[in-house]
Amino acid sequence: MSRFDEDDAFEGAAAAVPQSLSQRAMAGAAGARGTAYLDDLNPAQREAAEALDGPLLMLAGAGTGKTKTLMARIANLVASGRARPNEILAVTFTNKAAREMRERLAKQPFHLLEPLRWMGTFHSISVKILRRHAELASLKSSFTILDTDDQIRLMKQVINAANIDEKRWPARQLAGIIDGWKNRALTPGNVPNAEAAAFGNRGTELYAAYQDRLRSLNAVDFGDLLLHVVTIFQAHPDVLAQYQRWLRYILVDEYQDTNVAQYLWLRLLAQGHKNICCVGDDDQSIYGWRGAEVGNILRFEKDFPGAKVIRLEQNYRSTPHILAAASSVIAQNAGRLGKTLWTEEQAGEKVRLIGHWDGEEEARWIGEEAEALQRGGRRMRAVSLNGQAILVRGSSQMRAFEDRFLTIGLPYRVVGGPRFYERAEIRNAMAYFRLAVSPEDDLAFERIVNTPKRGLGDKAQQVIQMTARADGTSLLEGARYAVAAGKLGGKGAAELRRFVENVDRWHKAIAAASPATARSPAEDDDELIELEVASVPPAHDHSHVRLAEEILEDSGYIAMWQNDKTPEAAGRLENLKELVKALEQFDNLQGFLEHVALILDNSSEEESEKITIMTLHAAKGLEFPVVFLPGWEDGLFPSQRSMDESGQKGLEEERRLAYVGITRAEELCTISFAGNRQVYGRWQSQMPSRFIDELPEADVEVLTPPGLYGGGYGAAAGFGSSSGGSSVEARAAKADVYNSPGWRRLQDRAGNRPVSQPKESRHTVIDLDAVSAFDVGDRVFHQKFGYGHVQEIEGDKLAVAFATGVKKIVAGFVVAASEADDVPF
DNA sequence: GCTGTACAAATTTTT
DNA sequence: TTTGTACAGC
């Protein structure tokens, strides 16, 4: 079940015993016993926890105890009397991070008499600010927050309204462009001329139209939350000054992930007192594609002259081999601030590297390896499945593992995928709630008028739209009028009438349950504080939960899923139950909706033993004793698309992703690649990732699969095999692979690859003619396709005529065969 | 207005 | 290969 911690943070004071202002002020500084919280910090951590005033950049490498340091810093801020807890602004990126911080804070030996009320994500804090000053952005403070889905639908409307062919110019693309602009804090008027050509020269025009639509719907999207706040701060110095006075110390986590809008947001708030502490790791910036600017962290010292920079480099997570591997890879990136992770640990397994025949084989091997590790008996201790993770580049890679694990019955858990609140059934249910709370919510209306089917198709909906537009009212009113005026015929009319009546009834029930709680904007700090304390008293009857159930029943929405015979229906009903249960944590439907757009997640805590499968992105901030990193193949990882779209920059971000992946491992890290892989249903031969070439030989152990499944393809897939013969696998298994022709060929390829060359390869490039040991006409054997003859040679790629046809194959995946080698299949 | 078929597209993801 | 969307036919 979800816990709504953000809510606690912001409104939690409501539950506290009201205190007078002076009491609160004193309470703030109390509660920390001495400076015990500093005692178990290492020197760098301690320095960071004690440099309280002025700008500080804390470069915290993976696993260096950053959160612990932040906790001590907060304690120190309060204990030294510099700030009361509610004068500290602590910003994180994700709700998860905010939650974790709050939990960690609760566990500290000291305790604060007040909660950190300004701890949360950029977005949730922005909502809080924006609700208070909505009118300055031409909004009502009851504005709704659109999710991506609503956003796209709205954009479709805007595109259609502008008479643009939606097929040539898809709404998704426009959404991406506008999002990009918002990330850079660009309003329609500010978009640089050079970019106005976007979207068939009409990008800015549509952007403006979209913003107008949002305003008329009294709605904002995620990007707006930040953009509006920045705009308000810029246009109203008095408002800004108020927050500057109030939020005296700023802490920012994951600073490397901030985008321009967030950067401006922070700079505006910090520019008075400059008490800003940014924590981050430039080597872990992996969200550039979403607007994050590594540049923000790289130029921190310029932005804040006199800034102190402290590096946390002692790692408490991983073994030396793992750290060495990660460091060696990341060292290939240019423009780093530079850190060297070190550890006092001594022992440990080397990073393991293994090649496989294809993706299926890779999954099979990892499955078996996971089971073996679970049993123990390797060179290391037994590791439960919960301590093991498979980190992939893209979610498409997950399938192979799921398939395999299902067949062998290895329990697994997939992290990521559609979030709870993104599921259709949840969104529809929420749309019902939204409409019940605010009948003028047109987007919600559109979403559900015909869900379940009420016989209201495009035509009927057009009539409703036109009626509403003619009267300048909401769609619900338009529908009411259209029915009354007999503009709709037959079954639809009756159904629509019922629908409208239902909404009326629900809305009345809500209005009756909660008398309007008018909030007036406060003019100064004191009033602001009072206002925070005096929010809605908790109502402990659960009438809103019953009402929600009623809504879902009356609307026929529950029935719709009950009648659904598809296998997913049961799960969807489960989810709806879960949603209703989540309501219990709120005092009313309004409160739920207000926060749900930002908060709801499905991080259900699972007890049972399972291996985790997730993307590298999702793994940031986590750690596991055992980590598998499959699919290290050029084009897949680094992703071709990243390199095509962002060139060198893209490649460096991919490399940071590799760094993040390796540093998730505490004890054992296994990197693997496959020689063949099905991509969108087509078989492709793959080349080992260039990142593999960047691993340090001394810290890597090259494995060969134990000769099961009929052959030593493992050796063939990565290393050697250009020398033919049936004993290839045996020799490759024993040989010092780093001196094998195959390995050297790998090194060599690194030099020939497009996009980038490692700056300072420690490996010597040699032996060009090892690239292909084949000639046209040679007979070769391929694990999958059998015997064939080489027809063409193109660098390291061969065109081979097999019985089944001509295939392009990387030379490393065939072995030379003599005509006599033939065996019956 | 609904349902079945054809076709194109296809990372990473938070809020 | 799979998934989602667009359009034609019922």
Side-chain angles (χ1 to χ4, degrees), chain A residues 6 91-98 120-127 145-152 156 165-167 170-173 176 179 182-183 220-227 254 257-259 261-262 285-292 359 391-400 403 415-419 421-422 424 450 453-462 488-492 495 595-601 614-621 631 635-646 650 653-654 656-658 660-661 677-684:
Chain A
E6 296 318 279
V91 201
T92 63
F93 255 82
T94 62
N95 289 307
K96 198 169 124 201
T121 63
F122 278 102
H123 294 268
S124 58
I125 290 170
S126 294
V127 172
I145 302 161
L146 302 190
D147 52 43
T148 330
D149 204 63
D150 288 329
Q151 205 181 329
I152 301 280
K156 272 190 185 150
D165 179 11
E166 206 214 292
K167 252 178 286 169
R172 291 207 163 273
Q173 192 190 334
D179 232 47
K182 287 187 176 175
N183 283 338
V220 298
D221 61 23
F222 285 123
D224 280 340
L225 290 174
L226 292 155
L227 186 54
E254 307 279 18
D257 287 335
T258 48
N259 61 35
Q262 287 156 340
S285 163
I286 54 176
Y287 285 104
W289 50 275
R290 207 173 70 191
L391 310 181
V392 297
R393 175 62 182 83
S395 43
S396 59
Q397 288 168 262
M398 294 177 174
R399 264 274 300 282
D403 286 352
V415 174
R419 252 145 279 288
Y421 62 85
E422 279 170 3
N450 203 30
K453 300 257 147 57
R454 296 194 175 87
L456 300 161
D458 288 348
K459 222 169 137 206
Q461 294 198 38
Q462 253 169 30
L488 290 168
K491 182 175 156 242
E495 289 272 7
H595 288 278
V596 86
L598 294 174
I599 294 141
L600 195 57
D601 64 31
M614 64 175 139
T615 63
L616 288 161
H617 283 92
K620 191 165 76 153
L636 186 62
F637 185 50
S639 133
Q640 193 57 51
R641 190 142 163 187
S642 282
M643 293 187 292
D644 289 348
E645 278 170 17
S646 319
E653 182 153 315
E654 295 286 309
R656 290 192 290 267
L657 214 37
V660 168
R677 195 174 287 278
Q678 233 175 344
V679 183
Y680 301 139
R682 282 188 196 293
W683 280 99
Q684 278 183 12

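When reading the values below, keep in mind they use all heavy atoms of this one structure, side chains included, and skip hydrogens, waters and symmetry mates. Residue numbers start from 1 in every chain, and the chains themselves are labelled A, B, ... in the order their sequence lines are given, proteins ahead of strands.
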- Message: So A/Asn450, base contact, sugar-phosphate only, or nothing? Heavy-atom distance under 4.0 Å.
- Response: sugar-phosphate
- Message: Test your reading of the model: is there a side-chain donor-acceptor pair from A/Asp179 to the backbone of A/Lys182, 3.5 Å cut-off?
- Response: no
- How would you label the contact of A/Ser126 with the nucleic acid (heavy atoms, under 4.0 Å): base, sugar-phosphate, or nothing? nothing
- Message: My understanding is that only residues two or more places apart in sequence, or in another chain, count here; which of them pass salt bridge (Lys or Arg N to Asp or Glu O under 4.0 Å) with A/Arg172?
- Response: none
- Ranking A/Gly681 and A/Asp458 by the position along DNA chain B of their nearest nucleotide, the one closer to 5' is A/Asp458
- Item | Sequence-distant partners of A/Arg454, salt bridge (Lys or Arg N to Asp or Glu O under 4.0 Å), two or more places apart | none
- Task: Please list, in 5' to 3' order, the outermost nucleotides of DNA chain C lying under 4.0 Å from any heavy atom of chain A.
- Result: C/dT1 to C/dC7
- A/Asp644 atom CG is separated from B/dA10 atom P, nearest whole Å, by 14 Å
- Query: Choosing from B/dT14, B/dT11, B/dT12, which nucleotide comes nearest the side chain of A/Arg290?
  - Reply: B/dT14
- Task: Indicate whether OP1 or OP2 belonging to B/dT15 is found under 4.0 Å from a side-chain N or O atom of A/Asn95.
- Result: yes
- Message: Side chain of A/Tyr680 only, heavy atoms from C-beta on: which candidate in B/dG1, B/dA10, B/dT12 is closest?
- Response: B/dA10
- For atom CZ of A/Phe93 and atom C1' of B/dT12, their distance in whole Å: 15 Å
- Residue A/Ser639, side-chain heavy atoms: nucleotide from B/dT11, B/dG1, B/dT12 that is nearest: B/dT11
- Message: Nearest whole Å is fine: how far is B/dA9 P from A/Gln640 CD?
- Response: 19 Å
- Task: Fit a plane to each ring of A/Phe93 and A/Phe122, take the angle between them on a 0 to 90° scale, and name the class: parallel (under 30°), tilted (30 to 60°) or perpendicular (over 60°).
- Result: perpendicular
- Note on the structure: Taken to the nearest whole Å, CG/A/Asp257 to P/B/dT15 is 12 Å
- Would you say whether A/Tyr287 stacks on B/dT13? The test is a distance between ring centres of less than 5.5 Å and an angle between planes of less than 30°. no
- Query: Starting at the 5' end of DNA chain B and moving along, which residue's nearest nucleotide shows up first, A/Arg454 or A/Asp179?
  - Reply: A/Arg454
- If you take all heavy atoms of A/Arg393 and A/Ser642, which pair is closest and at what distance? NH2-OG, 3.7 Å
- Between A/Asp149 (CG) and B/dT14 (P), how many Å, whole number? 16 Å
- Note on the structure: Taken in chain and number order and not counting sequence neighbours, the residues that satisfy salt bridge (Lys or Arg N to Asp or Glu O under 4.0 Å) with A/Arg399 are A/Asp403
- With sugar-phosphate meaning primed atoms plus P, OP1 and OP2, does A/Glu645 contact a base, only sugar-phosphate, or nothing at under 4.0 Å between heavy atoms? base
- Query: Where the side chain of A/Thr615 is defined as all heavy atoms beyond and including C-beta, which of B/dG1, B/dT12, B/dT14 is the nearest nucleotide?
  - Reply: B/dT12
- Message: Between the base of B/dT12 and the side chain of A/Arg393, is one N or O donor paired with an acceptor at under 3.5 angstrom?
- Response: yes
- note: A/Arg172, atom CZ; B/dT11, atom C1'; distance rounded to Å ~ 14 Å
- Residues passing the side chain to side chain contact (heavy atoms under 4.5 Å, CB included) test with A/Ala400, sequence neighbours excluded, are A/Ala363
- Message: So, using salt bridge (Lys or Arg N to Asp or Glu O under 4.0 Å) as the criterion, who are the partners of A/Glu653 when residues are at least two apart?
- Response: A/Arg656
